[in-house]
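For reference, the structure discussed in these notes is given below.
No experiment lies behind these values; they were computed from the predicted model shown. In what follows, chains carry the letters A, B, and so on, assigned in the order in which the sequence lines appear, proteins first and then strands, with residues in each chain numbered from 1. The figures here come from the full heavy-atom set of this structure, side chains too, leaving out hydrogens, waters and symmetry mates.
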Amino acid sequence: MNTREMVENIKEEESKKSLNFIEIIVEEDLKEGKNEGRIQTRFPPEPNGYLHIGHAKAICLDFGIAQNYGGICNLRFDDTNPVKEDVEYVDSIQEDIQWLGFQWKNIYYASDYFQQLWDLAVRFIKEGKAYVDEQSAEDIAKQKGTPTLPGTNSPYRDRSVEENLQLFEKMSAGEIAEGAMVLRAKIDMASSNMHFRDPIMYRIITSHPHHRTGYKWKVYPMYDYAHGQSDYFEGVTHSLCTLEFEVHRPLYNWFIEQFATGNYAPHQTEFNRLNITYMVMSKRKMLRLVQDGLVRGWDDPRMPTICGLRRRGYTPESIHKFIGKIGYTKFDGIIDISLLEHSVREDLNEKAIRVSAVLDPVKLVITNYPEGEFEMMEAVNNPEDDSMGMRQIPFAKELYIEREDFMEDAPKKYFRMTPGQEVRLKSAYIVKCTGCKKDENGNILEVYAEYDPETKSGMPESNRKVKGTIHWVTVQHALPAEVRLYDRLFSIENPGDEKEKDFTELLNPGSLKVITAYVEPWLKGAKTLQNFQFQRIGYFNVDPDSTPDKLVFNRTVALKDSWAKEIKK
RNA sequence: UGUCUCAUGGUGUAAUGGUAGCACUACAGUUUUUGGUACUGUCUGUCUAGGUUCGAAUCCUGGUGAGACAACCA
């Protein structure tokens, strides 16, 4: 293929790649010359919890759009509610975004705009578009009506501008008790959109310090008021958020229209939020898992948090692959978890060193192998990638093999160790099983086999066709390691029951099993969070809990396993 | 008996009036120093009834179904 053809191919590939509906909107805006061809997005988390896989979807979009269309993406903390927020979360959010491989242009805080927002609120009051209400929260809720019934006006709705101004000043000065007054926008209590029924713009919070401004402010702006204005202040062109904010959009626009001048206005577009089968993904529930001690922390490998996934062994690339597969639409669906698991396998298959680890050991004695001797075998690190090289592993007379790799009376389709059958010991010799020793209850104590010295891996005779290959470690050299078998991410068995019952009752109870396994001796020096594939078992990484004396592995995900069914037949 | 939004195989997603395609799952086969990986194949789809059009998944109308909205949360 010549260069021109290659270029044509690439062009063709590019044109085949279909755009999602948001990219189409962006391209159209660009074509129409909106905002002078400027593209600006933001990722606006509230620092009240750790980022999870659902945020990764938003992050990939916010940062991705900016990257692909020559725009910028800022990180903005939506920190307008000091009751729930903390610097701990501010730090973890930054770490996780960077771990995913994204870098914001600027870092902003909604709290940076408190003065600006307050001044603007005063302007709203002066223009008769806002008023101070001193009813209780219950009364305000009652007057709000229901989605099918219009609301009624507050008795304080028609205060004079002067009085409103005075009261708002008092609220802001800390002279009014928390909950006693709020500032509301004066819109339409009969609107068919609940959010237009005089939404609250400011509430008093004096009981909690703000993580950045301390006790300086006594009143804090609400989301609907603060978010759109912040977007406007920053020059955001595309404000991307999830579907549940769809009904907020008219209000988002209304607030901006009240004061915006010129041609520029940010535009909100909503996409479907990420749902994965069985996965617990609400911040509230995740907080409970942490607080109730059901997990070891936000980075517990069963958590769907970014840091949990990282500790579990997920790579940033695997998460990108996953997000790339699910797409952005307006359809509120639920992704099968197998797509996520496939994405990690796909990535780790190319990166993880293959390692022998015996999880449920039974002793195999090579009866014709010299006593007390051992030799080093060369093992391929990764058959998918020669550049990952080879490693040396010891071989000796006494080995551990997987208990399930021996069957005394085997069915036809069983290709592993059974008396009279040849099997290959991975990277070593072909051996022929000769029998086993059992206790009085029929439990297998030892398995016996004879090796063929001509079949050492790499020698011509080793090319002999043998149906089965099994993994092994030597009794003498093998390293015991703690292996944490995480079934799945923390999951609920039956999401349908969620509303009826306490969700902690619905959690998958068997999601963590800790066992001791025997691994290749060189793993003692393995680095934390490094990924391995344990032959035929799954992908594992070295947990940060490991010490020089004790290796700890987490199972990232099991290998796709089709042979259990084969044997049944 | 409100407003907004959505509806393509089991799941997710393309086709932007012109051949319904891709991925996951499931199943079958080929290769293989692990039955993994890789490759090949099979099954399965436009919610419904009308209309516009030479032609509709796509546009229009009516049904049906699903989700969001009634926090001093974001």
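- Straight-line distance between the C1' atoms of rC22(B) and rC4(B): roughly 32 Å, to the nearest whole Å.
- The gap from the P atom of rC59(B) to that of rC6(B) amounts to 10 Å, rounded to the nearest Å.
- Pairing for rU8(B) is absent, with no Watson-Crick or G-U wobble pair whose two atom distances lie under 3.5 Å.
- Checking rU16(B), rA74(B), rU33(B) against the side-chain heavy atoms of Ile24(A) singles out rU16(B) as nearest.
- Exactly one residue among Arg464(A), Arg416(A), Lys467(A) makes a salt bridge (Lys or Arg N to Asp or Glu O under 4.0 Å) with Glu422(A). That residue is Arg464(A).
- One atom, CD of Glu402(A), and another, P of rG36(B), lie 16 Å apart when rounded to the nearest Å.
- Listed candidates were rA23(B), rC73(B), rA74(B). Nearest to the side chain of Lys325(A) is rA23(B).
- Distances shown here put every side-chain N or O of Arg273(A) at or beyond 4.0 Å from the OP1 or OP2 atom of rA68(B).
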What's the verdict on side chain to side chain donor-acceptor pair (under 3.5 Å) for Ser92(A) and Trp298(A), showing C-alpha distance, side-chain angles and the deciding distance? CA-CA 10 Å; Ser92(A) 75; Trp298(A) 287 98; over 6 Å; no
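- Ion pairing of Glu378(A) with Arg391(A) is absent here, as no side-chain N (NZ or NE/NH1/NH2) approaches a carboxylate O to less than 4.0 Å.
- With hydrogens and angles ignored, no donor-acceptor pair closer than 3.5 Å exists between the side chain of His248(A) and the base of rA68(B).
- Atom C1' of nucleotide rG36(B) and atom CZ of Arg345(A) are separated by 10 Å, given to the nearest angstrom.
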Which atoms of nucleotides 1-6 of chain B (N or O only) lie under 3.5 Å from a protein N or O atom, and what are those distances?
| from | atom 1 | to | atom 2 | distance (Å) |
| --- | --- | --- | --- | --- |
| rG2(B) | N3 | Pro147(A) | O | 2.9 |
| rU5(B) | O2' | Glu246(A) | OE2 | 3.3 |

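- When each of Leu240(A), Ile97(A), Leu75(A), Asn74(A) is paired with Asp62(A), the side-chain contact (heavy atoms from CB on, under 4.5 Å) condition holds for Leu240(A) and for no other.
- Between Lys142(A) and rA70(B) there is no side-chain N or O to OP1 or OP2 distance below 4.0 Å.
- The pair Glu234(A)-Arg42(A) fails the salt-bridge criterion, with no side-chain N (NZ, NE, NH1 or NH2) lying under 4.0 Å from an Asp/Glu carboxylate O.
- The interatomic distance linking Gln533(A) (CD) with rU33(B) (P) rounds to 16 Å, in whole Å.
- Here, rC47(B) and rC43(B) have their C1' atoms 22 Å apart, quoted to the whole Å.
- Looking at Ser457(A), its side chain comes within 3.5 Å of the base of rU33(B) through a donor and an acceptor atom.
- Nucleotides rU44(B) and rU58(B) have their P atoms positioned 23 Å apart, rounded to a whole Å.
- Phosphate proximity of rC24(B) to Ser338(A): absent, as no side-chain N or O sits under 4.0 Å from OP1 or OP2.
- Judged by the 6.0 Å and 45° rule, Arg212(A) forms a cation-pi pair with Tyr109(A).
- One C1' atom belongs to rU46(B), the other to rG41(B), and the distance between them is 25 Å to the nearest Å.
- Across rC69(B), rG12(B), rA74(B), the shortest atom-to-atom separation from the side chain of Asp78(A) is found for rA74(B).
- Between rA28(B) and rU64(B), the two P atoms lie 44 Å apart (nearest whole Å).
- Which of rG36(B), rC72(B), rG12(B) sits closest to the side chain of Ile326(A) comes down to rG12(B).
- Between Lys465(A) and Glu134(A), the residue whose closest nucleotide on RNA chain B is further toward the 5' end is Lys465(A).
- Ring orientation note: the planes of Phe534(A) and Phe540(A) are close to parallel, at an angle under 30° on the 30°/60° scale.
- Distance, Phe21(A) CZ to rU13(B) P: 11 Å, rounded to whole Å.
- Comparing the P positions of rU48(B) and rU8(B) gives an interatomic distance of 11 Å, to the nearest angstrom.
- Base-pair partner of rA68(B): rU3(B) (Watson-Crick or G-U wobble, both distances under 3.5 Å).
- Contact between the side-chain N/O atoms of Asn272(A) and the OP1/OP2 oxygens of rU13(B) is found at a separation under 4.0 Å.
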Polar atom pairs between nucleotides 18-21 of chain B and protein, under 3.5 Å, N or O only, would you list them?
none

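- Distances were taken from every side-chain heavy atom of Pro383(A) (C-beta onward) to each of rG36(B), rU33(B), rA68(B); the shortest belongs to rG36(B).
- Remark: Glu134(A) engages Arg159(A) in a salt bridge, criterion side-chain N to carboxylate O under 4.0 Å.
- At rC24(B), one or more side-chain N or O atoms of His342(A) fall inside 4.0 Å of OP1 or OP2 (strictly under the cut-off).
- Using a 30° and 60° split on the angle between ring planes, Phe196(A) and Trp254(A) fall in the perpendicular class, above 60°.
- For rU37(B), there is no paired base (Watson-Crick or G-U wobble, both distances below 3.5 Å).
- Rounded to whole Å, the distance from CG on Asp336(A) to P on rU44(B) is 21 Å.
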Derivation of the salt bridge (charged side-chain N to carboxylate O under 4.0 Å, His left out) call for Lys456(A) and Glu461(A): CA-CA 8 Å; Lys456(A) 184 172 174 176; Glu461(A) 259 305 287; over 6 Å; no
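- Across all strands shown, the partner of rG50(B) is rC60(B), judged by Watson-Crick or G-U wobble contacts whose two distances both fall under 3.5 Å.
- Following rounding to the nearest Å, Ile205(A) (CD1) and rA71(B) (C1') show an atom-to-atom distance of 12 Å.
- To the nearest 0.5 Å, the span separating CD1 on Ile140(A) from CZ on Arg197(A) amounts to 14.5 Å.
- Only the P atoms considered, rU11(B) is 15 Å distant from rA66(B), to the nearest whole Å.
- Looking at Trp217(A), Tyr215(A), Phe114(A) one by one, the single match for ring-ring contact (aromatic ring centres under 6.0 Å, His included) with His210(A) turns out to be Phe114(A).
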Walk me through whether Asp336(A) and Ser338(A) qualify under side chain to side chain donor-acceptor pair (under 3.5 Å). CA-CA 5 Å; Asp336(A) 198 299; Ser338(A) 60; 3.0 Å; yes
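- Atom CG of Leu274(A) and atom P of rU11(B) are 17 Å apart (whole Å).
- In a base pair of the Watson-Crick type (N1 to N3 plus N6-O4 or O6-N4) or a G-U wobble (N1-O2 and O6-N3), with each distance short of 3.5 Å, rC73(B) is matched with no nucleotide.
- Listed in residue order, the members of residues 45-56 of chain A having a heavy atom less than 4.0 Å from RNA chain B are Glu46(A).
- The CG-P distance, from Asn275(A) to rU11(B), rounds to 14 Å in whole Å.
- Proximity of the aromatic rings of Tyr89(A) and Tyr50(A) is defined here by a centroid distance below 6.0 angstrom, and this criterion is met.
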